[in-house]
Amino acid sequence: MSLQGKTMFISGASRGIGLAIAKRAAADGANIALLAKTAEPHPKLSGTVYTAAREIEEVGGQALPIVGDVRDGDSVAAAVAQAVEQFGGIDLCVNNASAINLGSIEEVPLKRFDLMNGIQVRGTYSVSQACIPHMKGRANPHILTLSPPIRLESEWLKPTPYMMAKFGMTLCALGIAEEMRQHGIASNTLWPRTMVATAAVQNLLGGDEAMGRARKPAVYADAAYAVFTRAAREYTGHSLLCEDVLLESGVTDLSAYDCVPGSDLGVDLWVDTPNPPGYTGP
């Protein structure tokens, strides 16, 4: 199955994982409507919604860059309407926008708590809600939310603020899966087993040392592509891990995604091991 001619609406795709997912779909000739806040260059973050659009078009897709805030329902509705007007409908909805703060309940002020839950939970809800009417009746429509499996063991219940925001995304996605099952719209979540080389890892989680223990964003992009090309009516309601999806799709060598070959990979939150059970390498 190809994504040629499909239309993706993705939030927060001006850089990193979101941009990688958008470019992987664009390589098939997909249309990409990307909603992001970054209109001007940021001193610590590369890329804007406009530079991302150029990269998408360079690999073969059509891009519609839109500046907006996923927390603003009117902004999201207008963005989705703009995408539908230009491309005729929506086949793929990707909830990528996210904010991170790993502080404890004693350290994270309410303003930052509201930011994370506004972007993660409200944003996932608002983007999905706006896209769904335009996905009904499409061939193989998928909603993909970039959030973790819900783990209730004590070690995974902290940090409280970030945990609540990310689990909230997953609960939203799983609820949508059940509500949209009758309409044939798939809703799944996707999360990496290891750290992925992004600005967040570079700036917040350990700099160059952490980047050297990460996998490339392509691990997320290729896994997302594999999800999008599965039958929506049959493949919904799952909390997926990137590496597991890739192995199920026929990938045999995960080391190709390592930023530094042979490095001791850093395991992501809500995951126990960097590789699926039974995986022994190439």
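Gln120 contributes a side-chain N or O that, together with a main-chain N or O of Ala99, makes up a donor-acceptor pair within less than 3.5 Å. Using modelled atom types, no side-chain atom of Arg15 and backbone atom of Val49 make a donor-acceptor pair closer than 3.5 Å. In this structure, Tyr220 contributes its side chain and Leu146 its backbone to no donor-acceptor pair below 3.5 Å. Although no hydrogens or angles enter the test, the distance criterion places a donor-acceptor pair under 3.5 Å between the side chain of Thr236 and the main chain of Ser187. With Thr124 contributing its side chain and Val121 its backbone, the two residues share no donor-acceptor pair below 3.5 Å.
Every residue was checked against the side chain to side chain donor-acceptor pair (under 3.5 Å) condition with Asn117, not counting sequence neighbours, and none meets it. Every side chain to side chain donor-acceptor pair (under 3.5 Å) that Glu107 has, sequence neighbours left out, goes to Ser104. Checked against salt bridge (Lys or Arg N to Asp or Glu O under 4.0 Å), Glu178 has the following partners two or more places apart in sequence or in another chain: Arg181. Residues passing the side chain to side chain donor-acceptor pair (under 3.5 Å) test with Glu55 are Lys23, sequence neighbours excluded. Contacts of Tyr225 classified as ring-ring contact (aromatic ring centres under 6.0 Å, His included), with partners at least two apart in sequence or in another chain: none. When the side chain to side chain donor-acceptor pair (under 3.5 Å) test is applied to Asp69, the partners found at least two apart in sequence or on another chain are Arg71.
Shown here for Leu34 and Ala63, the closest heavy-atom pair between the two residues is CD2-CB, 4.4 Å. Smallest separation of non-hydrogen atoms from Trp156 and Asp268: CH2-O, 4.4 Å. Ile100 and Arg112 get closest at one heavy-atom pair: O-NH2, 2.9 Å. Closest of all the heavy-atom pairs between Pro161 and Gly103 is CD-O, 3.5 Å. Closest non-hydrogen pair, Gly12 versus Ala36, comes out as CA-CB, 4.2 Å. When all heavy atoms are compared, the tightest approach of Pro274 to Leu265 is CB-CB, 4.2 Å.
Leu157 CG: more than 12 foreign heavy atoms inside a 6.0 Å radius. Applying the 6.0 Å contact sphere to CD of Glu153 captures more than 12 heavy atoms from other residues, nucleotides or ligands.
You'll find the side chain of Val127 reaches within 4.5 Å of the side chain of Cys93, heavy atoms only. Annotation: side chain of Met116 is in contact with side chain of Tyr162 (closest heavy-atom distance under 4.5 Å). No side-chain heavy atom of Leu144 sits under 4.5 Å from any side-chain heavy atom of Leu92. Counting heavy atoms from C-beta outward, Ser239 and Thr170 have side chains that approach closer than 4.5 Å. Contact check for Tyr279 versus Glu243: no side-chain heavy atoms found under the 4.5 Å cut-off. Side-chain contact between Leu241 and Pro276 is absent, with no heavy-atom pair separated by less than 4.5 Å. Side-chain atoms of Leu19 and Ile56, non-hydrogen and from C-beta on, do get closer than 4.5 Å to each other. By the 4.5 Å heavy-atom criterion applied to side chains, Leu269 and Pro148 are not counted as neighbours.
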Exercise for the section: Run the numbers on Arg24 and Leu3 for side chain to side chain contact (heavy atoms under 4.5 Å, CB included), then give the verdict. Expected result: CA-CA 9 Å; Arg24 181 65 184 86; Leu3 300 185; over 6 Å; no
Problem - Trace of the side chain to side chain contact (heavy atoms under 4.5 Å, CB included) decision for Ile21 with Asn96 - result: CA-CA 10 Å; Ile21 290 174; Asn96 166 69; 5.6 Å; no
Exercise for the section: Walk me through it: do Ser14 and Thr51 pass the test side chain to side chain contact (heavy atoms under 4.5 Å, CB included)? Expected result: CA-CA 7 Å; Ser14 55; Thr51 62; over 6 Å; no
Practice task
Evaluate the criterion side chain to side chain contact (heavy atoms under 4.5 Å, CB included) for residue pair Asn31 and Gln86; output intermediate values, then yes/no.
Solution key: CA-CA 10 Å; Asn31 309 310; Gln86 178 147 333; over 6 Å; no
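Between Asp244 and Arg193 a salt bridge is recorded (basic side-chain N to carboxylate O distance below 4.0 Å).
Here the CG-CD1 distance, from Asp114 to Ile119, works out to 11.0 Å after rounding to the nearest 0.5 Å. With values rounded to the nearest 0.5 angstrom, Arg122 atom CZ is found 7.5 Å from Asp72 atom CG. Once rounded to the nearest 0.5 Å, the distance linking CZ of Arg213 with CE of Met211 reads 13.5 Å. Between the CD1 atom of Ile176 and the CD1 atom of Ile143 there is a distance of 5.0 Å, given to the nearest 0.5 Å. Distance check: Asn95 CG to Ser147 OG gives 8.5 Å after rounding to the nearest 0.5 Å. Note that OG of Ser128 and CD1 of Ile185 are 10.0 Å apart. Values are rounded to the nearest 0.5 Å.
Residue Val227 is grouped with residue Ile32 when hydrophobic side chains (ILVMFWY) are merged at heavy-atom distances under 4.5 angstrom, including chains of intermediate members. Connection of Ile66 to Ile10 is not established within any shared hydrophobic cluster, with ILVMFWY side chains joined at heavy-atom distances below 4.5 Å, either directly or through further cluster members. Under the 4.5 Å side-chain heavy-atom criterion for ILVMFWY residues, no single connected hydrophobic cluster contains both Met164 and Leu174. Both Ile17 and Leu190 are assigned to one and the same hydrophobic cluster, defined by single-linkage of ILVMFWY side chains at heavy-atom distances under 4.5 Å. Grouping the Ile, Leu, Val, Met, Phe, Trp and Tyr side chains by contacts below 4.5 angstrom, directly or via other members, places Val245 apart from Met169.
Here salt bridge (charged side-chain N to carboxylate O under 4.0 Å, His left out) pairs that include residues 272-281, with residues two or more places apart or in two chains, are Arg151-Asp272. The ring-ring contact (aromatic ring centres under 6.0 Å, His included) pairs that include a residue from residues 48-106 number zero, where partners must be two or more places apart or lie in different chains. Pairs engaging residues 256-266 under the side-chain hydrogen bond (donor to acceptor under 3.5 Å, both in side chains) rule: Arg215-Asp258, Asp222-Tyr257 [sequence neighbours left out].
Counting side-chain heavy-atom gaps under 4.5 Å among Ile, Leu, Val, Met, Phe, Trp and Tyr, Tyr125 is found in no cluster with other residues. Listed by chain and number, the hydrophobic cluster partners of Met1 come to none, as no ILVMFWY side chain reaches under 4.5 Å of it.
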Acceptor/donor pairs from residues 130-140 side chains to any protein atom, 3.5 angstrom cut, sequence neighbours excluded:
| unit_1 | atom_1 | unit_2 | atom_2 | d |
| --- | --- | --- | --- | --- |
| Arg138 | NE | Asp91 | OD1 | 3.0 |
| Arg138 | NH2 | Asp91 | OD2 | 3.1 |
| Asn140 | OD1 | Ala232 | N | 2.7 |
| Asn140 | ND2 | Phe228 | O | 3.2 |
| Asn140 | ND2 | Arg230 | O | 2.8 |

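Between Asp253 and Ser255, the side chains place a donor N or O and an acceptor N or O closer than 3.5 Å (distance only, hydrogens not considered).
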